[in-house]
Amino acid sequence: MEIKIFLIWYLLMFAFGIIGLPITSYIFKNWKDKGYAFSKFIGLFSFGIVWWFLSAIKILPYTQYVGWALFVLAIAGSLYWIYKTKFKITKYMIMEEILFLGTILIWTYIRSFNPRAEGTEKMMNLAFMNSINRTENFPPLDPWLAQGGNINYYYIGHYLFAIIGKLGNISMSYVYNYALVTIIAQTFTGLFAVFIELFKKGKEWVKITFALLGATWISYAGNLHMAYNWFAAYFKGEEFTYFFPDSTRIIEFTINEYPAYSIVLGDVHGHYLALPFLVIVIALAMVALTKKIGTKSKIKFNLLISPLIIGLYGINSWDMITALFIFTLIHLYQTVGLKEVLEIKIKYFLIAEATLLFPGLILMLPYIINYSPAVGPEGGFPVGIVPFRTKSAPLPWMQFWFQFLIAPFLFMIALWLKIVKESALKLFPVLLTITAISLIIGVEFFYIKDIFDASNKPYFRTNTVFKFYYHAWVIFGVAAVSYIFAILNAEAVKTKSKLKKFQTPYKYFVFSISSLIFIMTFVYIFVAVDDFYPTDNKDIQQTMDGIDYIQKEKPSDYKAIIWLRQNIEGQPVILEEVGDAYTYSARISSTTGLPTVMGWPTHEWQWRGTSEEAFKRKAEVESFYNGTVTDEAYKEFLSRYKVELIFVGNKERETYSQIDEERIKSYGEVIYDETDTFIVRVDDSYLGS
């Protein structure tokens, strides 16, 4: 069964690559791989966003039959295009497909040792996927706030992977983990393709090797925090101990995550879902520089990529901000370089910006209308100024960024020493460097006001640093690798300068420094995997089922969850235990997609910008299970939240010590009763119908 699921998943991803090929071949027509490395995710996004839009405006439902009809049409259209254009496969496409498949296989093996979709944000993301899977029209219901509206958070990324589960008839508990490893594979393969295109000169094997090393470094390396602590322990004569999350909280009151940590941790959260799309944005930016502003080619290009750029708002809105910043920089650079009068320059710039914005805004309008970001919860301007006393401390800041900062520094020295020609300084790495430094320095002065600013003042810029650091890691990483490649691959500069004797020694120096940094940071992924995945335990029964742990640890819950999945259609409201965030609470709604009265109160607080409703509901659920109010109040509670199913298992008994099970059974028919778990279907008379 597990092999079958893997094959279905891979073949569907391959098919989405075919769907995306006409688009990528047009956008990346001058690339060696014709954009094949990005075709899977561009195909998935293009297919998914059209279906989503048609469902959101109530033209087509989100059902398996409709999905397959659209899928067949999309595949047929792409195959016809391949036939008519006599499309040819290149060696780079084959290489990238092998990299993609190989990466998925490796990480599927690793993840199968700990596929648990529980802990940190995992339950939340699984809840989103299950709710999306049950919906027929968008937006999907909030699984943790019955009768309270739709998901008020980024859910388009979860939706894109839920599509694969919908088409392949794959349970969301498997979809969760296959989404995780597919994102890894796409990010790695996409970075490889970017580097292959960036490295114009040099021997083929050198470029391919460097592209592989660059993609590996950005995807799997850690920062220098672990190496610093190892050296500190060594010189102090102390035993070195390390836990892989340690390097992600090094700047006080912030989160400092990066891809390698996310990959190992396994939260299929917004920032991680957007990771491969950020790499695609970088690739699109490379193409954008070749499109002269004010031309029809630039307009067509912007119109075509607009849905993806603005679509990031529904995957992780922070990525849209960074993407728009990159393209605005490009437009400004191209505008300044025009030999036109100021009025014409302004006109071309505004046209470029408008064509990049408006098609995507129109397509994303159903999402924009239904999403109310909890930004600036106290009202007023949503951007705040960071007080001087809360700036990042120099040492941890350097531990995080030194490995990237040193690359442009080494390159500038190489230019000064005339070790590389001035022509080696390419525009694109410079643009990426400006973007990354703007993000890194920008968060020292400004932050986006959100729920942390309102309710937890010391952590007021947590999200801002977290999200923009995440982007800067990838963007600066691409620039840094480009600088090092330019130095090591540079031909000897013919010069009479006395500095000529430094050319070869300096290359060896740069190679040594780069290799040392690579080793010191890349070792992190092995430590992290060893911490999180018991790959040396041969007694573990490997699986990619995210709720397999429930079957082993909470078998009565597992049986009830499977029964609910198989026997309950639609999204009737189910009542279950309410507990703290990042725990096993809200496990029924999370694993089935059935909305519950209240899931994790603190998360609803973050999504809605107010805590009053969330904690009021938590208290009401407690009163209901404990039987501390009148029968009339119980009836009003069931009616107000349209509770159709009441779940009672060990978790409810554990949390609500005064639970009256006989009274709960009296509210309707017991439709499931096995061992220590039962489910009641509430009588219509209690629902006001």
Side-chain angles (χ1 to χ4, degrees), residues 48 51-56 58-68 70-71 117 122-179 268 273 314 366-367 370-371 545-547 550 557-558 560-576 586-600 603-604 607 641-647 671-672 679 681-682 687:
W51 190 11
W52 171 85
F53 181 79
L54 294 174
S55 175
K58 306 299 187 287
I59 290 179
L60 289 178
Y62 179 62
T63 62
Q64 190 179 48
Y65 293 117
V66 170
W68 269 106
L70 294 174
F71 187 73
K122 297 178 182 63
M123 294 273 278
M124 173 204 135
N125 295 300
L126 182 60
F128 279 14
M129 287 181 170
N130 275 305
S131 182
I132 290 166
N133 192 48
R134 281 184 177 267
T135 195
E136 283 198 10
N137 292 106
F138 292 97
L141 294 177
D142 187 335
W144 287 352
L145 194 73
Q147 306 304 314
N150 307 305
I151 292 176
N152 196 52
Y153 199 65
Y154 327 123
Y155 71 82
I156 299 297
H158 302 90
Y159 154 72
L160 292 174
F161 286 105
I163 287 174
I164 305 172
K166 178 78 75 177
L167 295 175
N169 203 31
I170 302 171
S171 166
M172 292 299 115
S173 56
Y174 281 94
V175 168
Y176 181 95
N177 283 312
Y178 279 113
V268 185
L273 285 160
Y367 180 87
N370 288 287
Y371 175 48
D545 184 359
I547 66 168
I550 301 179
D557 276 358
Y558 183 83
I561 288 165
I562 299 302
W563 185 89
L564 285 166
R565 285 180 175 181
Q566 295 174 346
N567 293 278
I568 304 298
E569 296 182 356
Q571 289 189 278
V573 176
I574 189 166
L575 187 64
E576 63 174 318
R587 82 279 193 205
I588 306 302
S589 50
S590 299
T591 54
T592 64
L594 298 174
T596 192
V597 173
M598 176 48 53
W600 290 355
H603 276 59
E604 288 295 343
W607 302 335
Y641 296 119
K642 305 297 181 189
V643 177
E644 295 185 42
L645 303 168
I646 304 173
F647 192 97
I671 56 174
Y672 177 90
I679 301 171
R681 185 187 297 278
V682 178
L687 304 179

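Here, residue 1 is the first one in the sequence, and each next residue gets the next number.
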Under the side chain to side chain contact (heavy atoms under 4.5 Å, CB included) criterion, do Thr591 and Tyr558 qualify, and how do the steps go?
CA-CA 9 Å; Thr591 54; Tyr558 183 83; over 6 Å; no
For side chain to side chain contact (heavy atoms under 4.5 Å, CB included), just list the numbers for Asn130 and Arg134, CA-CA rounded to whole Å, side-chain angles, deciding distance to a tenth of an Å, and then say yes or no.
CA-CA 6 Å; Asn130 275 305; Arg134 281 184 177 267; over 6 Å; no
Step-by-step side chain to side chain contact (heavy atoms under 4.5 Å, CB included) determination, Leu60 to Ser55:
CA-CA 5 Å; Leu60 289 178; Ser55 175; 5.7 Å; no
Could you give me the CA-CA distance, side-chain angles and deciding distance for Arg681 and Ile568, then say whether side chain to side chain contact (heavy atoms under 4.5 Å, CB included) is met?
CA-CA 11 Å; Arg681 185 187 297 278; Ile568 304 298; 3.9 Å; yes
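When all heavy atoms are compared, the tightest approach of Trp51 to Thr63 is CZ2-O, 3.2 Å. Summarising the geometry of Asn133 relative to Lys166, their closest heavy-atom pair is O-NZ, 2.8 Å, with the distance given to 0.1 Å. Here the shortest heavy-atom pairing between Ile550 and Ile561 reads CD1-CD1, 4.0 Å. In plain terms, the two heavy atoms of Leu141 and Pro595 that are nearest each other are CD1-CG, 4.5 Å. Closest non-hydrogen pair, Pro139 versus Asn370, comes out as CG-CG, 3.8 Å. Of all heavy-atom pairs between Leu126 and Ala117, the closest is CD2-CB, 4.1 Å.
Side-chain atoms of Phe161 and Leu273, non-hydrogen and from C-beta on, do get closer than 4.5 Å to each other. A 4.5 Å side-chain heavy-atom check between Leu594 and Ser589 finds every atom pair outside the cut-off. Contact annotation: the side chain of Phe53 never approaches that of Ile59 to less than 4.5 Å [non-hydrogen atoms, C-beta and beyond]. Proximity of Tyr62 to Ile163: side-chain heavy atoms (C-beta onward) are separated by under 4.5 Å at one or more points. Between Asn567 and Ile671, every side-chain heavy-atom pair lies at or beyond the 4.5 Å cut-off.
Rounded to the nearest 0.5 angstrom, Ile574 CD1 and Leu564 CG are separated by 5.0 Å. Note that CG of Asp142 is 6.0 Å distant from CD1 of Ile151, once rounded to the nearest 0.5 Å. Taken from CD in Glu644 to CD1 in Ile679, the straight-line distance is 13.5 Å, to the nearest 0.5 Å. Atoms CG and CH2, from Asn152 and Trp607 in turn, are 9.5 Å apart once rounded to the nearest 0.5 Å. Here Ile562 contributes atom CD1 and Ile547 contributes atom CD1; the two are 4.5 Å apart, rounded to the nearest 0.5 Å. A distance of 5.5 Å separates CD of Glu576 from CD1 of Ile588, quoted to the nearest 0.5 Å.
Tyr672 and Trp563 have tilted rings, their planes meeting at an angle from 30° to 60° on a 0 to 90° scale. Ring pair Trp144/His603 is perpendicular by interplanar angle, where above 60° counts as perpendicular and below 30° as parallel.
No donor-acceptor distance shorter than 3.5 angstrom exists from the side chain of Arg587 to the backbone of Met123, with no hydrogens or angles considered.
Pairs of residues two or more places apart, or lying in two chains, that qualify as side-chain hydrogen bond (donor to acceptor under 3.5 Å, both in side chains) and include a residue from residues 156-165 are Asn125-His158.
Under the side chain to side chain contact (heavy atoms under 4.5 Å, CB included) rule, Val268 has a single partner from Lys122, Met129, Met124, which is Met129.
Ring centroid separation for the pair Tyr367 and Tyr155 comes in under the 6.0 Å cut-off.
With sequence neighbours excluded, the residues that form a salt bridge (charged side-chain N to carboxylate O under 4.0 Å, His left out) with Glu604 are Arg608.
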